[in-house]
**Q** 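Sharing a structure with you now.
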Amino acid sequence: YVLACGLGILETNANPYVLALGSAESATRRLNFAQSFNPVGSVAGIMICQIFIMARLPFGEEGELSMTPSQVPAALSTVIAPYLAVAAVLVVVWLLILATKMPLAADEDDKVPFAGAAGRLLHNPFYLFAVFAQFCYVGLQITVWTYTNFYIPEQIGVSQEVALHYHTVALVLFGSSRWVFTGLMNYFRAATLLAASALAGVLLTLVVVLVGGMAGVIALICLSCCMAPMFPTIFGLGCSVVREDTKLASSGMIMAIIGGAIITPAQGALLDALGVGFSYLLPLACFAVILAFALGAGRHRR
């Protein structure tokens, strides 16, 4: 709960700040650049978990924790120490931010009444579509990664431990692709790149659902490349039309993260009913929604 509150406050404040630090034309590219650092932390977190926690815990042959009561304190210390180390690093980062003179951004909406801003946003169809697209994206990202550990063992007959290595590759592709898309935004419009990545996601998900096997696994891993630009690009495009209501609009975008809590169990229900392969029809539908939003964003800009 504390982690979710911290992330919500960080994203709600930092994202519109990044959007405001420069011209409106390059705002979405700036946000993609800023968010390109997030996957670096994700990969580092997995490596820390594997090296400093999982490798030091007493797992039995069946892959389950196996320890005597006397081993419990040492196991707890193994888990706690990396978390305390990361927390210490975060404190240092916080002190650096506190001591750094941050550039001033225009706060046009500081005195905008909440009711008026909410009314304008609720009557802005493009913004509402952006929130729904963000809702679908967050659910899509979590479901694709969550059910990787079900899909890969079923399709190619490996253990979940081996499937975790595939997932690490997906995270690396996700992080590197976000840098690539940030560079491409120097030459292509953000809406065009978002549409291309969503269309590729639709096609790759069809391979996951209809083909399967190693081809399906490769397609599933490559979906991370398609997802890379989506969160910051949808965020930037959605907030580009609200002007003085950017801060409240940013809050709405972050609230859309609840899609991960709704779409993920919905795919779990599909998995139980249809099997893991056909459960990816739900992410396919989410990619289609994002594609429709990207095409609408291109028309809206013109």
**Q** Of the options Thr182, Thr28, Asn32, which is the one that meets Thr233 in a side chain to side chain donor-acceptor pair (under 3.5 Å)?
**A** Asn32

**Q** So that I know where these two stand, are Phe37 and Trp179 an aromatic pair - ring centroids less than 6.0 Å apart?
**A** yes

**Q** Roughly how far, to the nearest 0.5 Å, is CD of Gln267 from OG1 of Thr146?
**A** 8.0 Å

**Q** Determine whether a donor-acceptor pair (N or O, by modelled atom type, separation under 3.5 Å) exists between the side chain of Asn186 and the backbone of Gly183.
**A** yes

**Q** Could you give the distance from CZ (Phe181) to CE (Met230), rounded to the nearest 0.5 Å?
**A** 8.0 Å

**Q** Above 12 or not: heavy atoms from other molecules or residues under 6.0 Å from CG of Leu128?
**A** yes

**Q** For the side chain of Ser77 and the backbone of Ala74, is there at least one donor-acceptor N/O pair under 3.5 Å apart?
**A** no

**Q** Please tell me if the side chains of Gln141 and Phe174 come closer than 4.5 Å, counting only heavy atoms from C-beta onward.
**A** yes

**Q** State, with a plain yes or no, whether a side-chain heavy atom of Val289 is found less than 4.5 Å away from one of Leu140.
**A** no

**Q** Is Phe293 close to Phe132 at the side-chain level, that is, under 4.5 Å between some pair of heavy atoms?
**A** no

**Q** With clusters defined by side-chain heavy atoms of hydrophobic residues (ILVMFWY) lying less than 4.5 Å apart, directly or transitively, does Val162 cluster with Met47?
**A** yes

**Q** Would you call Pro232 and Phe33 a side-chain contact if the rule is heavy atoms closer than 4.5 Å?
**A** no

**Q** Do Val207 and Leu223 share a hydrophobic cluster (ILVMFWY, side-chain heavy atoms under 4.5 Å, transitive)?
**A** no

**Q** Return the CE to OG distance between Met227 and Ser224, rounded to the nearest 0.5 Å.
**A** 4.0 Å

**Q** Heavy atoms only: give me the nearest Ala219-Val208 pair and the separation to one decimal.
**A** CB-CG2, 3.9 Å

**Q** Is any side-chain heavy atom of Tyr1 closer than 4.5 Å to a side-chain heavy atom of Cys5?
**A** yes

**Q** With rounding to the nearest 0.5 Å, note down the distance linking CD1 in Ile290 to CZ in Phe135.
**A** 11.5 Å

**Q** Between CG of Leu90 and CG of Leu95, what distance do you get to the nearest 0.5 Å?
**A** 11.0 Å

**Q** Donor-acceptor pair, Tyr127 side chain versus Leu122 backbone, under 3.5 Å?
**A** no

**Q** Hey, quick one: are Ile218 and Val276 part of the same hydrophobic cluster, counting side-chain heavy atoms closer than 4.5 Å, chains of contacts allowed?
**A** yes

**Q** Shared ILVMFWY cluster between Val211 and Leu281, side chains joined below 4.5 angstrom?
**A** no

**Q** Taking Arg29 for its side chain and Ala190 for its backbone only, find out whether a donor-acceptor pair lies under 3.5 Å.
**A** no

**Q** Rounded to the nearest 0.5 Å, what's the gap from CZ on Arg178 to CG on Leu173? Could you check?
**A** 13.5 Å

**Q** Any donor-acceptor pair under 3.5 Å linking the side chain of Gln134 with the backbone of Phe231?
**A** yes

**Q** Quick one: does Tyr137's side chain have a donor or acceptor within less than 3.5 Å of a partner on Ile234's backbone?
**A** no

**Q** Using a 4.5 Å cut-off on heavy atoms from C-beta on, say whether the side chain of Leu237 contacts that of Leu194.
**A** yes

**Q** Please report the shortest heavy-atom distance between Gly252 and Val131, naming the atom on each side.
**A** O-CG1, 4.0 Å

**Q** Is the side chain of Thr143 donor-acceptor paired with the backbone N or O of Thr264 at a distance under 3.5 Å, no angle test?
**A** no

**Q** Would the number of heavy atoms belonging to other residues, nucleotides or ligands and lying under 6.0 Å from CZ of Phe126 be above 12?
**A** yes

**Q** Between the main-chain N or O of Arg120 and the side-chain N or O of Asn124, is there a donor-acceptor pair closer than 3.5 Å?
**A** no

**Q** Going through the distances and angles, do Thr100 and Ile97 end up as a side-chain contact (heavy atoms from CB on, under 4.5 Å)?
**A** CA-CA 5 Å; Thr100 301; Ile97 294 174; 5.7 Å; no

**Q** According to a 4.5 Å side-chain heavy-atom criterion applied to Ile, Leu, Val, Met, Phe, Trp and Tyr, with indirect links allowed, do Trp94 and Leu10 form part of one hydrophobic cluster?
**A** no

**Q** Is any side-chain heavy atom of Ile152 closer than 4.5 Å to one of His167?
**A** no

